There are 2 protein chains.
Amino acid sequence: MNDIHKKSPGRPRSAQSHQAMLQATLELLGEVGFDAMSIDAIAARAGVGKATIYRRYASKAELVADAIERVREEIVIPDTGSLKSDIDALIQSAAQITLSPLGRQTVAMIISSASSNPEFAEIYWTKYLQPRRQAFAVVLERAKARHEIGADLDPGLVFDAMSGIMLYALIFQPNPESWTESVRRALNLLLKGASSFDAELH
Amino acid sequence: MNDIHKKSPGRPRSAQSHQAMLQATLELLGEVGFDAMSIDAIAARAGVGKATIYRRYASKAELVADAIERVREEIVIPDTGSLKSDIDALIQSAAQITLSPLGRQTVAMIISSASSNPEFAEIYWTKYLQPRRQAFAVVLERAKARHEIGADLDPGLVFDAMSGIMLYALIFQPNPESWTESVRRALNLLLKGASSFDAELH
DNA sequence: AATTTACGAAACTGCACCGTATCGAAATAA
DNA sequence: TTATTTCGATACGGTGCAGTTTCGTAAATT
């Protein structure tokens, strides 16, 4: 099953057009947000006919879900030898994505349509948060081996707390510098919880 | 200045109609969200003419901003004699508001229109978060006096971290029970940071 | 009483979008 | 070549909303 035989006659669907509409979708999502985004606008920006979009997706939600699902960023697991530096790198990486217009609008979309379109949260969790959660666990395990933190510290819990703080700072401290600073302070407090981690992150 | 003389002739504006449109605005905001909310729908639900709304507000954003600004919940500062119980009460109170449809949609609105309508975040910060931040500081000061936590713990920082965690859990753990539980666990970790607070919150 | 302003309801214009259909051209298989 | 399918572009009818105006009525001042 799941054969992708090309035996059917006729002109095949254009991979370029498909790519163009996905790209235009992500751009517009970041620029105007989910609700203000029209199919007409996506088609126009992609240089594609509206029918070409409707042939692939039944709704805007489907299109957007597929577009954000296909986003793949490289996840680098830092290994500088010091927990402080490793975490700094992770924060920087997260900031770059989360503070972007696309990152903001994606989160807003997830919250506002949480009840009507739970698949958005699901995709974001699976494709974005989950891999970073595991990368974070690796970093913390290494720090445990170096006795920088206690062995009983739950990486998942710390990651969730850190993500929440980032999200909060994203909303109420939109300024990138104060964002980074307040995330660092909160994380410093967090890690003191079950560790000998008391270095100044500043 | 700022006189509110009633010397002008003619029928005065109806306070009842005004109240009805504000109420309908909050209801619809919680039910369908900011973008899907039409002025027609607000007027219909409030039993008010559309012109009556436009006479008071120039835009939907103005109306919504005024509506959420006028929301006033009683803030009770718990004083049970134990930090654990006090915090439990605060979490319960926050959950009741934040987990409600109105709370969710308000946050979503703030994020998605952060650039176009920064006044929403401003109002939410000033009228909702700020007072709770101060109430939290009172609770923590009492705990310091009882030597339940270290005197060097920054209440504002802890509050911000806690708020962020609540927000995160709101999105990715919409279930009220798991929400409360994960908030408790994170907070427990947080308070271990600079205190002798190691009681099981569960 | 006369005037003035607000009221709810409804009608109205204009616009943006949705989803479908149609067109000639292009790209494939048989 | 012929049949089939997709392509971009455009047109179309339908719907919903914005914002204004009109109407008869209600509530205030002078």
Side-chain angles (χ1 to χ4, degrees), chain A residues 3-25 27-29 31-67 105 109 112-113 116-117, chain B residues 3-67 105 109 112-113 116-117:
Chain A
D3 291 350
I4 312 189
H5 293 325
K6 296 183 142 199
K7 33 181 175 185
S8 68
R11 178 176 179 173
R13 294 192 180 174
S14 164
Q16 288 177 358
S17 295
H18 202 165
Q19 198 56 40
M21 74 180 69
L22 292 171
Q23 176 66 26
T25 300
E27 287 176 14
L28 282 169
L29 178 59
E31 289 172 22
V32 306
F34 180 79
D35 288 301
M37 203 172 35
S38 73
I39 302 289
D40 290 84
I42 296 171
R45 169 154 328 190
V48 148
K50 251 201 302 183
T52 307
I53 294 180
Y54 280 110
R55 195 172 288 115
R56 290 167 171 77
Y57 303 99
S59 68
K60 187 167 67 174
E62 268 188 26
L63 169 57
V64 170
D66 192 37
Q105 293 291 355
M109 181 181 68
S112 68
S113 65
S116 56
N117 291 85
Chain B
D3 290 350
I4 311 189
H5 293 324
K6 297 183 138 199
K7 34 181 176 184
S8 67
R11 179 177 177 173
R13 294 192 179 173
S14 164
Q16 287 178 357
S17 295
H18 201 166
Q19 198 57 38
M21 73 181 68
L22 292 172
Q23 176 65 27
T25 299
L26 291 179
E27 288 176 14
L28 283 170
L29 178 58
E31 289 171 22
V32 305
F34 181 78
D35 288 300
M37 203 172 36
S38 74
I39 302 290
D40 289 83
I42 296 171
R45 169 152 331 188
V48 149
K50 249 202 302 185
T52 308
I53 294 179
Y54 280 110
R55 196 174 288 114
R56 291 168 170 77
Y57 303 99
S59 69
K60 187 166 67 174
E62 269 189 25
L63 168 58
V64 171
D66 193 37
Q105 293 292 354
M109 181 180 67
S112 68
S113 66
S116 56
N117 291 85

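These numbers come from the heavy atoms of this one structure, side chains and all, not from hydrogens, waters or symmetry mates. Chain letters run A, B, ... following the sequence lines, proteins first, then strands; residues in each count from 1. As the structure is a computational prediction, the values presented were derived from the model and not from experiment.
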**Asked** If you count the non-hydrogen atoms of other residues, nucleotides and ligands that lie under 6.0 Å from CD in A/Q16, is the total more than 12?
**Response** no

**Request:** Side-chain contact test, heavy atoms from C-beta onward, threshold under 4.5 Å: evaluate it for A/S113 versus A/M109 and give yes or no.
**Result:** yes

**Prompt:** Between atom CE in B/M21 and atom C1' in C/dC7, what is the gap in whole Å?
**Reply:** 10 Å

**Item:** Residues within residues 25-40 of chain B bordering DNA chain D, heavy-atom distance below 4.0 Å
**Value:** B/S38, B/I39, B/D40

Polar atom pairs (N or O), protein with nucleotides 13-15 of chain C, under 3.5 Å:
none

**Prompt:** Does A/S8 have a side-chain nitrogen or oxygen under 4.0 Å from the phosphate oxygens OP1 or OP2 of C/dA29?
**Reply:** no

**Non-hydrogen atoms of B/Y57 and B/H18 that approach each other most closely** = OH-NE2, 2.7 Å

**Message:** Is a donor from one side chain sitting under 3.5 angstrom from an acceptor on the other, for B/Q19 and B/Q23?
**Reply:** no

**Message:** Within the 4.5 Å heavy-atom criterion, are B/L63 and B/L22 side-chain neighbours or not?
**Reply:** yes

**Prompt:** What is the distance from CG of B/L63 to C1' of D/dG19, rounded to the nearest Å?
**Reply:** 15 Å

**Residue-level proximity of residues 41-61 of chain B to DNA chain D when a heavy atom falls under 4.0 Å** = B/K50, B/A51, B/Y54

**Message:** For B/M21 and B/R45: C-alpha separation, side-chain torsions, deciding distance, then whether side-chain contact (heavy atoms from CB on, under 4.5 Å) applies.
**Reply:** CA-CA 8 Å; B/M21 73 181 68; B/R45 169 152 331 188; over 6 Å; no

**Item:** Sub-4.5 Å side-chain heavy-atom contact between A/L28 and A/E31
**Value:** yes

**Prompt:** Could you state the interatomic distance from NZ (B/K50) to CD1 (B/I42), rounded to the nearest 0.5 Å?
**Reply:** 11.0 Å

**Fill in**
Of the candidates C/dA27, D/dC7, D/dT29, the side chain of A/P12 sits closest to C/dA27

**Item:** Heavy-atom side-chain proximity of B/F34 to A/D35 below 4.5 angstrom
**Value:** no

**Message:** Any non-hydrogen side-chain atom of A/S112 less than 4.5 Å from a side-chain atom of B/Q105?
**Reply:** yes

**Message:** If you define the side chain from C-beta out and look only at heavy atoms, does anything of B/R13 sit under 4.5 Å from B/R55?
**Reply:** yes

**Prompt:** Side chain of A/R11, base of D/dT5: donor and acceptor closer than 3.5 Å?
**Reply:** no

